[in-house]
Structure formats: C-alpha cells, structure tokens
Novice: 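One structure is given below, represented as structure tokens, and several questions about it will come after.
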Amino acid sequence: MKPESKIASGKTKTVYKLEDPSLVLIEFRDDVTALDGRRRDSIEGKGAINAAITAKLMQVLNSHGIPTHFVEFRSPSSIVAKKLSMIPLEVVCRNIAAGHLVKRLPFKEGSPLDPPIVEFYLKDDERGDPMVNARHIVALKLASFDEVAFMEETTLKVNEALKSFLASRGLTLIDFKIEFGRDPSGNLIIGDELDPDCMRIRDVSTGRVLDKDLYRQGKPLNEVLEAYLECRRRIVEGD
Ligand code: 5GP
C-alpha cells in the first residue's frame, strides 16, 4: 500500500484510500494496546486474526439486516469498507457484569444483567473516555436524540445477533463495544471492528477467557495469541 494513500492511523488500524472514493481499505495491524494507549506491544499474526473475525461477524450482522460498513475481506489482514464519517462515541453493551461496570457500580462480577445494559462513552483519551448520556451527546452536537435512540436500539439488535451466533460456536458474549458512522446520505451504520480486542468472550463450558482481558491482565503475549487463534478457529473456521 502506497504511504501517500494513508488517510488515518489509529492505535491498531490504518485506513487507506481506494480508487472508489466511497470505499476505504482498513488494515488491522499487529499492535495491541491498553490503558488508553499507554501500554503497547505487538503480537505477530493478531492483525490477520482480527480482520478475519471482524469480516465474519460483520457478515453475521448484515445477514440479520443490520447495516455495517463491511464490503469484503482482503487477505491477510484488511477489509474493504464503506467510507463513513465516524461519530466519536463508543457504544458498550453488557450481558454479564465485568470490567468497568463492577468497578463503578455495585454489580457482582459474573452476574447476569437483565435487561442488558447499553452505555455511551466519549472517545477522548485525554479525559479517559468519559461516560456520557443522551443530553451530553446532543449538547456536544455529536448526534440528535433520535440518533441516540437508534444507536441504542441497533446495539441491542447487534447484541442478540452476536450472542446467538457466538453461542452456536460454544462462546459466551459478556460485553462488547461498537462504533457508528454516517454514510454520505446521513444513515447511521456500524463501522470500526468486531473482534476480541473490543469484546469479552468466554468458553461456554470452561469459562476460559478468549479476549483482550488476557493482555489487560498482563498475561504472556503467546497466551494472548493462542486465545485469539482459538476465537478465529471457532468463529471463522467453524463454518
Ligand atoms: P469496559 O467498559 O468494561 O472496560 O469494557 C466493556 C467492553 O467494551 C469490553 O468488551 C471492552 O473490550 C470494550 N471496550 C471498552 N472501551 C474500549 C476501547 O477503548 N477500545 C476497545 N477496543 N474496546 C473497548
């Protein structure tokens, strides 16, 4: 890929221009980060794994009538996607209490959340990605009230689709984070990624952790890679 075609580079992905101006190429790199980017490593092969898992899970969503930016997988570690104007929000959905939820609120780690919880966070590393509500989002002019309601409803639909697909692969979906962007007509579409970097996934029968929590916990990088490979085996190669 020519360096001049680079549009943006984030913590783990690089976005490139394509000849068709309505599309972009998103390359998933081997970088892994935690603590808002303050801890950083590289795990050889992780980019290819995450690109393949994102491609598969976005296809699952598309097959449920949930629009995503995914167009096609480009081996080994990229996807072609619709170009979106991204909204700087992280939308988190939780089925089982974990992570920040149990630090902030009196939920017991591992307890089921019924109904699932949807939360919005502002993407702002300097401020530690603070949680925001609909009125913050509207006052910050990031989205309208209707759009916030749409993002919440869509996130719950994504949750149902992913939960049942992952269950069919012997995996429990604890929680996940998605991001939305606008297409040129102003429609809100799911962008970014869907892989073990942005979801908590456990083996249904053993409870084995198969996601970035292993890196957050400081486990050896080969153990993190082995968990990601297991996710790809189940999610992509389990067809
Ligand atoms: P928590 O708020 O408990 O840290 O995370 C909830 C879920 O959202 C987890 O599945 C986590 O991986 C995902 N998540 C939250 N913030 C981020 C983020 O900044 N980047 C990524 N990739 N995932 C996040």
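Counting starts at 1 for both ligands and their atoms, following the listed order.
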Novice: Taking the non-hydrogen atoms of R94, is any one of them nearer than 4.0 angstrom to ligand 1?
Specialist: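 Under 4.0 Å: yes for R94.
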Novice: Give the atoms of ligand 1, by number and element, whose distance to some non-hydrogen atom of D197 is under 4.0 Å.
Specialist: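 Those qualifying, in numeric order: 12 (O), 21 (C), 22 (N), 23 (N).
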Novice: Within a radius of less than 6.0 Å around CZ of R127, do more than 12 heavy atoms belonging to other residues, nucleotides or ligands occur?
Specialist: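 Check fails, neighbour count at 12 or below.
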Novice: How close does the nearest protein non-hydrogen atom get to atom 5 (O) of ligand 1, and which residue and atom is it?
Specialist: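 Result for atom 5 (O) of ligand 1: R200 NH1, 3.5 Å.
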Novice: With a cut-off of under 6.0 Å to the ring centre and 45° to the axis, is R39 in cation-pi contact with Y215?
Specialist: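 Yes, R39 sits over the ring of Y215.
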Novice: Does M131 approach ligand 1 within less than 4.0 angstrom via side chain, backbone, both or neither, non-hydrogen atoms only?
Specialist: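 It is neither part, as no heavy atom is under 4.0 Å.
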Novice: Which protein non-hydrogen atom lies closest to atom 12 (O) of ligand 1, naming both residue and atom, and how far is it?
Specialist: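 For atom 12 (O) of ligand 1, the nearest protein heavy atom is R216 NH2, 2.9 Å.
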Novice: Based purely on interatomic distance, does E193 place a nitrogen or oxygen under 3.5 Å from a nitrogen or oxygen of ligand 1?
Specialist: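 Such a contact does not occur with ligand 1.
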Novice: Which one holds for K212 and ligand 1: side chain close, backbone close, both close, or neither close, with close meaning a heavy atom under 4.0 Å?
Specialist: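 Answer for K212: neither.
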Novice: Considering only protein heavy atoms, which is closest to atom 14 (N) of ligand 1, and at what distance to one decimal place?
Specialist: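 That would be K177 CB, 3.6 Å.
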Novice: Touching ligand 1 at all, K11? Heavy atoms, strictly under 4.0 Å?
Specialist: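 No, K11 has no heavy atoms under 4.0 Å from ligand 1.
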Novice: Considering only the protein, which heavy-atom contact is closest to atom 4 (O) of ligand 1, and what is its distance?
Specialist: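 Looking only at protein heavy atoms, the one closest to atom 4 (O) of ligand 1 is H100 ND1, 2.7 Å.
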Novice: Can you tell which part of M199 has a heavy atom less than 4.0 Å from ligand 1: side chain, backbone, both or neither?
Specialist: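 Under 4.0 Å from ligand 1, M199 contributes backbone atoms alone.
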Novice: Could you list the atoms of ligand 1 found under 4.0 angstrom from a heavy atom of G99?
Specialist: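 Those atoms are 3 (O).
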Novice: Salt-bridged, R233 to E230, with N to O below 4.0 Å?
Specialist: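 Here R233 pairs with E230 in a salt bridge, since their nearest N and O are under 4.0 Å apart.
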Novice: Does D175 reach the side chain of N95, with side-chain heavy atoms less than 4.5 Å apart?
Specialist: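 Counting from C-beta outward, D175 and N95 never come under 4.5 Å.
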Novice: Assess whether a salt bridge exists between K46 and D31, defined as any Lys/Arg side-chain N lying under 4.0 Å from an Asp/Glu carboxylate O.
Specialist: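 A salt bridge is absent here (no side-chain N lies under 4.0 Å from a carboxylate O).
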Novice: Can you name the closest pair of heavy atoms from A51 and S78 and give their distance?
Specialist: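 Looks like CB-N, 3.8 Å.
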Novice: If you measure every N/O of D175 against every N/O of ligand 1, is any gap under 3.5 Å?
Specialist: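 For ligand 1, there is an N or O atom that lies under 3.5 Å from one belonging to D175.
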Novice: Is any side-chain heavy atom of V80 less than 4.5 Å from a side-chain heavy atom of D20?
Specialist: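 No; the side chains remain at least 4.5 Å from each other.
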Novice: Between the side chains of K83 and D183, is the shortest nitrogen-to-carboxylate-oxygen separation below 4.0 Å, so that they form an ion pair?
Specialist: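 No, this pair does not count.
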Novice: Near V92, which atoms of ligand 1 are under 4.0 Å from a heavy atom of that residue?
Specialist: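 With V92 as reference, the close atoms of ligand 1 come out as 6 (C), 8 (O).
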Novice: Which ligand 1 atoms does C198 reach within 4.0 Å, using its non-hydrogen atoms?
Specialist: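 This gives 10 (O), 12 (O), 13 (C), 22 (N), 23 (N) as the contact atoms.
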Novice: Looking only at protein heavy atoms, which one is nearest to atom 17 (C) of ligand 1, and what is the separation?
Specialist: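 Closest protein heavy atom to atom 17 (C) of ligand 1: E90 OE1, 3.6 Å.
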Novice: Within the supplied structure, the quantity of interest is the number of heavy atoms (other residues, nucleotides, ligands) at a distance under 6.0 Å from K13 NZ; does it exceed 12?
Specialist: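 More than 12 within 6.0 Å, yes.
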Novice: Show the numbers, then the answer: is there a side chain to side chain contact (heavy atoms under 4.5 Å, CB included) between L61 and L194?
Specialist: CA-CA 10 Å; L61 296 188; L194 270 179; 3.6 Å; yes
